[in-house]
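Sequence lines set the chain letters: A, B, ... in the order given, protein chains first and strands last, and positions in each chain run from 1.
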2 protein chains.
Amino acid sequence: MRPSNEYTEPETLELLEFVELFFFAYRDFVSDPDRILEEFGFGRAHHRVIHFVGRNPNIRVANLLNILKITKQSLGRVLKQLVDEGYIEQKAGTKDRRERRLLLTSSGRELARKLAKPQLDRIAKTLAAAQPEAKAYYRRIFYAMIDQENRSYVEDLVQKG
Amino acid sequence: MRPSNEYTEPETLELLEFVELFFFAYRDFVSDPDRILEEFGFGRAHHRVIHFVGRNPNIRVANLLNILKITKQSLGRVLKQLVDEGYIEQKAGTKDRRERRLLLTSSGRELARKLAKPQLDRIAKTLAAAQPEAKAYYRRIFYAMIDQENRSYVEDLVQKG
DNA sequence: AAATTAAGTCAATAGTGCTGACATATTTTT
DNA sequence: AAAAATATGTCAGCACTATTGACTTAATTT
């Protein structure tokens, strides 16, 4: 196995390095929750729903669709399972009763914590291994990787509490 | 929609921000190649195979399995399609003829470039928007996110050429 | 009263992944 | 040379995630 001779400019090779690092980091980052989800008979889609409902209590279905960028049908199936199995609770909106507001039940909160734990630990270790100023750099880099039109939305969503 | 009252310590909120930014960055990062793959009737698995074969000409099947961390059967189906449709070529190893060495054909190289382009552009923009020293931080953070036991392997794989 | 909005539902399809067992060819070990 | 190990491929079947497009219900707005 030899290095590819397709790309030769050092700038491009550096960019390719980042593409690959992103792939490997993501692969390992999701591997811990994947193992936990398996015990519950759930998949990654369930994790994402549990996560964003937990972080955004009373979120509407439409909002969740916009975050996950999947279709109503894909979300519907996953959400139904989570509601049926008692992890998520639905309430009609108080102002507009067409809306279904989503909330974690106590089992839901427990599952959310269980899934979050290995990822929080991994990132805590990552940041501990880096210099303190690394935080400002990672934040800027991640925002720059997000589609420009989604950036301010993501910023609002993420930097609350 | 109100901020979650589940986590209150600022350190944890910062870690959660990182978790979410990683999700959004990955979501957008794969969206461009996904659109291109659709035109070819391929999916993300095909992209990964094309990418790593392109970057590692003459790679063996076992090595590819180790990189992708999927089963032989999952790879088999995707690889067969790519070979049948003329994007990847297989050759028996010269020393050990049990091995199948994988190579991109010229169509394969063309597709690889097409898929890589938007991701290289996205990262180039990201790095251009950051200070020059950001690269070192970026690299260190990604390596720290990878499972410890895979790090040196990934390092060797990624920093060649 | 009509139009719009939020959400749920239907059937059908595709891509990716899994397990477990088995087959083939080739190389290495005994 | 025979036996064991290795690299790869193959079988059938199943599960999860995602898609499209059309339709329904309920509630709100115009």
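Surrounding NZ of B:Lys69 are more than 12 heavy atoms belonging to other residues, nucleotides or ligands, all under 6.0 Å away.
If you check distances only, the side chain of B:Lys72 does reach the base of D:dG9 with a donor-acceptor pair under 3.5 Å. Residue-to-nucleotide contacts include a donor-acceptor pair under 3.5 Å from the side chain of A:Gln73 to the base of D:dG21. Judged by distance alone, with hydrogens and angles left aside, B:Glu99 brings no side-chain donor or acceptor close enough to the base of D:dT8 to form a pair under 3.5 Å.
Under a 3.5 Å cut-off, the side chain of B:Arg27 and the backbone N or O of A:Leu68 do not form any donor-acceptor pair. Looking only at distances, a side-chain donor or acceptor of B:Asp96 sits under 3.5 Å from a matching main-chain atom of B:Arg98. At least one donor-acceptor pair closer than 3.5 Å links the side chain of B:Asp28 to the backbone N or O of A:Asp147.
Atoms CG (B:Leu68) and P (C:dG15) sit 18 Å apart, rounded to a whole Å. We find that CG of B:Asn63 is positioned 11 Å from P of D:dA7, with the value rounded to whole Å. One interatomic measurement links the two molecules: CZ of A:Arg77 to P of C:dT13, which rounds to 15 Å at whole-angstrom precision. The CD atom of A:Gln90 sits 9 Å away from the C1' atom of C:dA7 (whole-angstrom rounding). Rounding to whole angstrom units, CG of residue A:Asn66 and C1' of C:dA7 are separated by 15 Å. Here the P atom of nucleotide C:dG15 and the CG atom of B:Leu82 are 12 Å apart, to the nearest Å. D:dG9 atom P lies 13 Å from atom CZ of B:Arg101, rounded to whole Å. Here C:dG8 presents its C1' atom at 11 Å from CG of A:Leu65, a figure rounded to the nearest Å.
Annotation: cation-pi geometry satisfied between B:Arg113 and A:Tyr7 (NZ/CZ under 6.0 angstrom from ring centroid, within 45° of ring axis).
The A:Ile70 side chain lies nearest to D:dT19 when the options are C:dT27, D:dC11, D:dT19. Proximity note for B:Arg98 (side chain, C-beta onward) versus C:dT26, D:dT19, D:dT8: the nearest is C:dT26.
Residues from residues 37-48 of chain A that place a heavy atom under 4.0 Å from any atom of DNA chain D, listed by number: A:Gly41, A:Gly43, A:Arg44, A:Ala45, A:His46, A:Arg48.
Aromatic pair A:Phe142/B:Phe22: centroids less than 6.0 angstrom apart.
Each of B:Arg100 and A:Arg97 lies near DNA chain D, and the nucleotide nearest B:Arg100 is the one positioned closer to the 5' end.
Just one of A:Glu17, A:Glu20, A:Glu14 meets the side-chain hydrogen bond (donor to acceptor under 3.5 Å, both in side chains) condition when paired with B:Gln159; it is A:Glu17.
Contact check, A:Ser74 against D:dT17: no side-chain N or O comes under 4.0 Å of OP1 or OP2.
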